[in-house]
Amino acid sequence: MQTDHSSKPHGAGKSSFELIESGKLFQILAPKPSFAVLDMGCGTGTYSIALAKIIGDGGRIHAIDLWAEGIERLKERVERRGLKNVRPMVADVSRALPLPGESMDLILMATVLHDLREAAVRDGALAEARRLLKRHGTFAIVEFNRVPGPPGPPVSIRLSPDDVTALVEPFGFAGTGLHEVGPYNYLMTFTPKVVCSA
């Protein structure tokens, strides 16, 4: 497992934001001004900064990544733009994060899940996402279509929508949608599964 904050985790520094149709993504996710958002594996925070403009000062974005250099770059970007609603943090998303349970309206994992699976730390990250998401919140996963690139990672580590479902649903999530968000990427959304008491 990657624990040395001074080194670069697998996949760090590559953002899919420029490849996707961000307007379509945010229309589907419909973030509101009061939202608490968690950007898991945020890198240099391009998604976080775009979300910050949408939710405004009434909301809060927790941008978390193990890559310390990426978080430093994000802090500089946040400061330059005068953003008050983005909180960058160096932390391992596959371990317990210093955030209260059921506190997030939206959790975003943008082209990160395939790297977490490769690093064999996906279970911890998915369990943490389930702990942190509000009862009616949205867990949003962006991944690359499972076709040969470029752009994107090798096809051997890409995840199909069925792969994502098989990884995510055992942690107490129910799928709510599958959407194309550009020529190379798709979005899957999940919500916490309702447990019916007898």
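FYI, the numbering just counts along the sequence from 1.
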Asker: Determine whether V37 and I54 fall in the same hydrophobic cluster, where Ile, Leu, Val, Met, Phe, Trp and Tyr are linked whenever their side-chain heavy atoms lie under 4.5 Å apart.
Answerer: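 Yes; tracing contacts between hydrophobic side chains, which count when under 4.5 Å, links both residues.
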Asker: Got a salt bridge between R73 and E76, using NZ or NE/NH1/NH2 to carboxylate O under 4.0 Å?
Answerer: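 Not counted as a salt bridge, because no side-chain N and carboxylate O are separated by less than 4.0 Å.
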Asker: With side chains defined as the heavy atoms from C-beta onward, is the minimum distance between M40 and V112 less than 4.5 Å?
Answerer: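 No; the side chains remain at least 4.5 Å from each other.
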Asker: Examine F26 and L19 and state if one hydrophobic cluster contains both, with Ile, Leu, Val, Met, Phe, Trp and Tyr joined whenever side-chain heavy atoms are less than 4.5 Å apart.
Answerer: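 Result: no, two separate clusters.
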Asker: Got more than 12 heavy atoms from elsewhere within 6.0 Å of NZ, K32?
Answerer: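 Check fails, neighbour count at 12 or below.
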Asker: Salt-bridged, D115 to R122, with N to O below 4.0 Å?
Answerer: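 Salt bridge between D115 and R122, a charged N being under 4.0 Å from a carboxylate O: no.
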Asker: Considering only NZ, NE, NH1 and NH2 on the basic side and carboxylate oxygens on the acidic side, decide whether D57 and K84 come within less than 4.0 Å.
Answerer: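 No, D57 and K84 are not salt-bridged.
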Asker: Could you verify whether a donor N or O on one side chain and an acceptor N or O on the other, from S160 and D162, lie under 3.5 Å apart?
Answerer: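 Distance-only check fails for S160 and D162.
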Asker: Does the side chain of T189 pick up a donor-acceptor pair with the side chain of T176 at under 3.5 Å?
Answerer: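 The answer is yes; a qualifying pair exists.
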Asker: Could you see if L99 belongs to whatever hydrophobic cluster contains I107? Use Ile, Leu, Val, Met, Phe, Trp, Tyr and a side-chain cutoff under 4.5 Å.
Answerer: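 In one cluster with L99: I107, yes.
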Asker: Keeping the roles fixed (side chain from E143, backbone from L113), state whether a donor-acceptor pair exists under 3.5 Å.
Answerer: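 Confirmed, E143 side chain pairs with L113 backbone.
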Asker: Got a sec: does the CD of Q27 have more than 12 other heavy atoms crowding it under 6.0 Å?
Answerer: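 It does not: Q27 CD has 12 such atoms or fewer within range.
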Asker: Look only at the side chain of N145 and the backbone of V147, and say whether a donor-acceptor pair between them is shorter than 3.5 Å.
Answerer: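 Looks like no, no N/O pair under 3.5 Å.
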Asker: Please determine, by modelled atom types, if Y47 and S16 share a side-chain donor-acceptor pair under 3.5 angstrom.
Answerer: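 Present: a donor and an acceptor within the cut-off.
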Asker: Distance from L29 atom CG to D105 atom CG, nearest 0.5 Å?
Answerer: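 Here the rounded value is 12.0 Å.
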Asker: Counting distance only, does the side-chain N/O of N85 pair as donor-acceptor with the main-chain N or O of A52 below 3.5 Å?
Answerer: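 Yes: the side chain of N85 pairs with the backbone of A52.
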Asker: In terms of hydrophobic clustering (I, L, V, M, F, W, Y; side-chain heavy atoms under 4.5 Å; direct or indirect links), are I141 and F144 co-clustered?
Answerer: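 Result: no, two separate clusters.
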Asker: Quick check: do M188 and T165 have side-chain heavy atoms less than 4.5 Å from each other?
Answerer: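 Counting from C-beta outward, M188 and T165 do come under 4.5 Å.
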Asker: Has E128 got a side-chain atom pairing as donor or acceptor with L97's backbone, closer than 3.5 angstrom?
Answerer: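 Yes; judged by distance alone, with no hydrogens or angles, the pair exists.
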Asker: Taking T138 for the side chain and A140 for the main chain, is one N or O donor matched with an acceptor at less than 3.5 Å?
Answerer: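 Such a contact is absent between T138 side chain and A140 backbone.
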Asker: Are the side chain of D65 and the backbone N or O of I71 linked by a donor-acceptor pair below 3.5 Å?
Answerer: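 Side chain of D65 to backbone of I71: no pair is present.
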